Visitor: 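The structure under discussion is supplied below as structure tokens; questions concerning it will follow.
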Amino acid sequence: MPRFALKIEYDGAPFAGWQAQADQPTVQGAIESALAKLDAGFAAGDRIAAAGRTDAGVHATGQVAHADLLRDWDPFRLSEALNWHLKPAPVVVLAAARVDDEFHARFSARERRYTFRLVSRRAPMTHDRGNVWQVLSPLDAEAMRQGAAHLIGHHDFTTFRSSICQAKSPVKSIDRIAIEEIPVPHGMEYRFHLRARSFLHNQVRSIVGTLERVGAGSWHPDRVAEALSARDRAACGPVCPPHGLYLSGVGYPRDPFGAAPEMRGDGPTGR
């Protein structure tokens, strides 16, 4: 059966996360329902595999999944047909590609990239309501970068993972944390860009919530290193809400969608 990779974008607000659940709307369920309407080889109850299982309320601009179908579709026609059947759900297939049987959306991935959007301003959000985490006070971006530098590299991230995380080990390597500043009307948006081979459950939200405390002046940047060394969930800062988090990309040894390799000249804590 031909295997296809799908690059997917979605608004996570109306979903109970990526993973299919009984009696709950999920992104996986929406895509599988659309596939079942298109391809005789994809029956109800068949499953697709994704690079990351995002939680309820988390968005994606570059999720990747794969599906085995009966028909050898033209990739463009497959993406167009899926988008037709996905309406009106806030889920779209940005691209589809024919891949080898050895390709696996999750196990072939070499890196995952997340972006977290945080806005500081007094006035409530209008256009981005539900898509960013808003705080009222200005933040010190340079202090947050200093705090983030302590997290780059290979560490035991027990402090920064959920108590219900099912990963066998809390040891992970973070390759990059960059903090971008973008002026918005009467405020500032801070975009946290994180890159690693894989992440623990709630790791990104725990890190951003902790760095926000640094930016607000409640934590000294060196306290991030102390929290990391504690290997204790109680030493973590507050976990920020899911609606500011986006799965922004997945890296593979060879890009299944044919895009040019991403340039990464920026440093581990670059702007």
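Bear in mind that the values here come from a model prediction, so they are computed numbers and not experimental data.
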Visitor: Starting at CG of Asp74, measure out to OG of Ser79 and round the result to the nearest 0.5 Å.
Guide: 8.0 Å

Visitor: Considering non-hydrogen atoms only, spot the tightest contact between Ser108 and Pro253 and give its length.
Guide: O-CD, 3.4 Å

Visitor: We want to know whether Arg191 and Thr115 form a side-chain donor-acceptor pair, criterion being a heavy-atom distance below 3.5 angstrom.
Guide: no

Visitor: Once rounded to the nearest 0.5 Å, what's the spacing between atom CD1 of Ile177 and atom CZ of Arg145?
Guide: 12.5 Å

Visitor: Is Pro256 close to His66 at the side-chain level, that is, under 4.5 Å between some pair of heavy atoms?
Guide: no

Visitor: Of all heavy-atom pairs between Ala196 and Ser173, which one has the smallest distance, and what is that distance?
Guide: CB-O, 3.2 Å

Visitor: Can a donor-acceptor pair be found, under 3.5 Å and without considering hydrogens, that links the side chain of Gln203 to the backbone of Leu200?
Guide: yes

Visitor: Side-chain contact test, heavy atoms from C-beta onward, threshold under 4.5 Å: evaluate it for Arg205 versus Pro242 and give yes or no.
Guide: yes

Visitor: Is a side-chain donor or acceptor of Thr159 paired with a backbone partner of Cys236 at a separation under 3.5 angstrom?
Guide: no

Visitor: Do any N or O atoms from the side chain of Gln63 and from the backbone of Lys7 form a donor-acceptor pair under 3.5 angstrom?
Guide: no

Visitor: Could you check whether atom CZ of Arg53 has more than 12 heavy atoms from other residues, nucleotides or ligands sitting under 6.0 Å from it?
Guide: no

Visitor: In terms of hydrophobic clusters joined by side-chain contacts under 4.5 Å, are Ile179 and Trp133 together?
Guide: yes

Visitor: Which label fits Phe116 and Phe192: parallel for a plane angle under 30°, tilted from 30 to 60°, or perpendicular past 60°?
Guide: perpendicular

Visitor: Would the number of heavy atoms belonging to other residues, nucleotides or ligands and lying under 6.0 Å from NE2 of His186 be above 12?
Guide: no

Visitor: So, for Phe4 and Leu69, which heavy atoms are closest and what is the spacing to 0.1 Å?
Guide: CD1-CD1, 3.8 Å

Visitor: Could you tell me if the side chain of Arg113 sits less than 4.5 Å from the side chain of His193, heavy atoms only?
Guide: no

Visitor: Do Met125 and Leu118 belong together in a cluster built from hydrophobic side chains that touch within less than 4.5 Å?
Guide: no

Visitor: Stepwise, does the salt bridge (Lys or Arg N to Asp or Glu O under 4.0 Å) test hold for Glu111 with Arg197?
Guide: CA-CA 4 Å; Glu111 68 172 32; Arg197 184 182 182 94; over 6 Å; no

Visitor: To the closest 0.5 Å, what do you measure between OH (Tyr190) and CD (Glu181)?
Guide: 6.0 Å

Visitor: Please round to the nearest 0.5 Å and tell me the distance separating atom CG of Leu94 and atom CD of Glu9.
Guide: 5.0 Å

Visitor: Roughly how far, to the nearest 0.5 Å, is CD1 of Ile8 from OG1 of Thr54?
Guide: 10.0 Å

Visitor: Say whether, by atom type as modelled, one donor and one acceptor occur between the side chain of Gln134 and the main chain of Arg121 under 3.5 angstrom.
Guide: yes

Visitor: Taking the side chain as everything from C-beta on, heavy atoms only, tell me whether Asp11 gets closer than 4.5 Å to Asn131.
Guide: yes

Visitor: Compare all side-chain heavy atoms of His59 with those of Leu245 and state whether any distance is below 4.5 angstrom.
Guide: no

Visitor: Do Asp55 and Trp18 get their side chains close enough for a donor-acceptor pair, meaning under 3.5 Å?
Guide: no

Visitor: Once you round to the nearest 0.5 Å, how far does OG1 of Thr210 lie from NE2 of His150?
Guide: 12.5 Å

Visitor: Can you see which heavy atom on Pro14 is nearest to which on Pro90, and at what distance?
Guide: CG-CG, 3.7 Å

Visitor: How far apart are the closest heavy atoms of Gln28 and Ala20, and which atoms are they?
Guide: OE1-N, 2.8 Å

Visitor: Can a donor-acceptor pair be found, under 3.5 Å and without considering hydrogens, that links the side chain of Ser206 to the backbone of Asn202?
Guide: yes

Visitor: Side-chain heavy atoms under 4.5 angstrom apart, residues restricted to Ile, Leu, Val, Met, Phe, Trp, Tyr: same cluster for Met188 and Val208?
Guide: yes

Visitor: Taking atom CZ as the centre, does Arg110 end up with more than 12 heavy-atom neighbours from other residues, nucleotides or ligands that are less than 6.0 angstrom away?
Guide: yes

Visitor: Would you say Ser248 and Arg112 are linked by a side-chain donor-acceptor pair, where the criterion is simply a distance under 3.5 Å?
Guide: no

Visitor: Evaluate the side-chain contact (heavy atoms from CB on, under 4.5 Å) criterion for residues His154 and Val171: first the C-alpha distance (whole Å), next the side-chain angles of each, then the deciding distance (0.1 Å), finally the verdict.
Guide: CA-CA 7 Å; His154 194 65; Val171 177; 3.2 Å; yes

Visitor: Test of understanding: clusters of I, L, V, M, F, W, Y form through side-chain heavy atoms closer than 4.5 Å, transitively. Do Val64 and Tyr246 belong to the same one?
Guide: no

Visitor: Does NZ or CZ of Arg77 fall inside the cone over Trp73's six-membered ring, less than 6.0 Å from its centre and within 45° of the axis?
Guide: no

Visitor: Judged by modelled atom types alone, do Gln166 and His201 share a side-chain donor-acceptor pair under 3.5 Å?
Guide: no

Visitor: Taking it one step at a time, do Arg3 and Asp100 satisfy side-chain contact (heavy atoms from CB on, under 4.5 Å)?
Guide: CA-CA 7 Å; Arg3 177 164 292 186; Asp100 296 334; over 6 Å; no

Visitor: Should Tyr252 and Phe103 be marked as a ring-ring contact (aromatic ring centres under 6.0 Å, His included) after you check the CA-CA gap, both sets of side-chain angles, and the distance that decides it?
Guide: CA-CA 9 Å; Tyr252 296 94; Phe103 175 86; 5.0 Å; yes

Visitor: Please assess Asp156 against Arg231 for the test salt bridge (Lys or Arg N to Asp or Glu O under 4.0 Å), listing each intermediate value before the final yes or no.
Guide: CA-CA 7 Å; Asp156 182 326; Arg231 301 178 184 177; 3.8 Å; yes

Visitor: Can you name the closest pair of heavy atoms from Ala96 and Leu78 and give their distance?
Guide: CB-CD2, 4.2 Å

Visitor: Could you label the plane-to-plane angle of the His104 and Phe107 rings as parallel, tilted or perpendicular, counting under 30° as parallel and over 60° as perpendicular?
Guide: tilted

Visitor: So, do Ile48 and Glu32 sit near enough that their side-chain heavy atoms are less than 4.5 Å apart?
Guide: yes

Visitor: Do Pro2 and Arg98 come within less than 4.5 Å of each other through their side chains, counting heavy atoms only?
Guide: yes

Visitor: Are Arg117 and Asp128 close enough, and set up right, to give a salt bridge (Lys or Arg N to Asp or Glu O under 4.0 Å), and what steps lead you there?
Guide: CA-CA 10 Å; Arg117 299 179 61 195; Asp128 283 322; 3.1 Å; yes

Visitor: Assigning hydrophobic clusters by single linkage (Ile, Leu, Val, Met, Phe, Trp, Tyr; side-chain heavy-atom cutoff under 4.5 Å), is Val250 placed with Val99?
Guide: yes

Visitor: Measure from the side-chain N and O atoms of His220 to the backbone N and O of Asp222, and report whether any donor-acceptor pair falls under 3.5 Å.
Guide: yes

Visitor: Start with the C-alpha distance between Ser198 and Lys172, add both sets of side-chain angles, then the distance that settles side-chain contact (heavy atoms from CB on, under 4.5 Å), and finish with yes or no.
Guide: CA-CA 7 Å; Ser198 61; Lys172 294 288 181 182; 2.7 Å; yes

Visitor: Check the pair Phe160 / Leu228 against side-chain contact (heavy atoms from CB on, under 4.5 Å), numbers first and verdict last.
Guide: CA-CA 8 Å; Phe160 297 94; Leu228 179 67; 4.1 Å; yes

Visitor: Classify the ring geometry of Phe15 against Tyr10: parallel below 30°, tilted from 30° to 60°, perpendicular beyond 60°.
Guide: perpendicular

Visitor: Any side-chain heavy atom of Met144 within less than 4.5 Å of one from Leu139?
Guide: yes

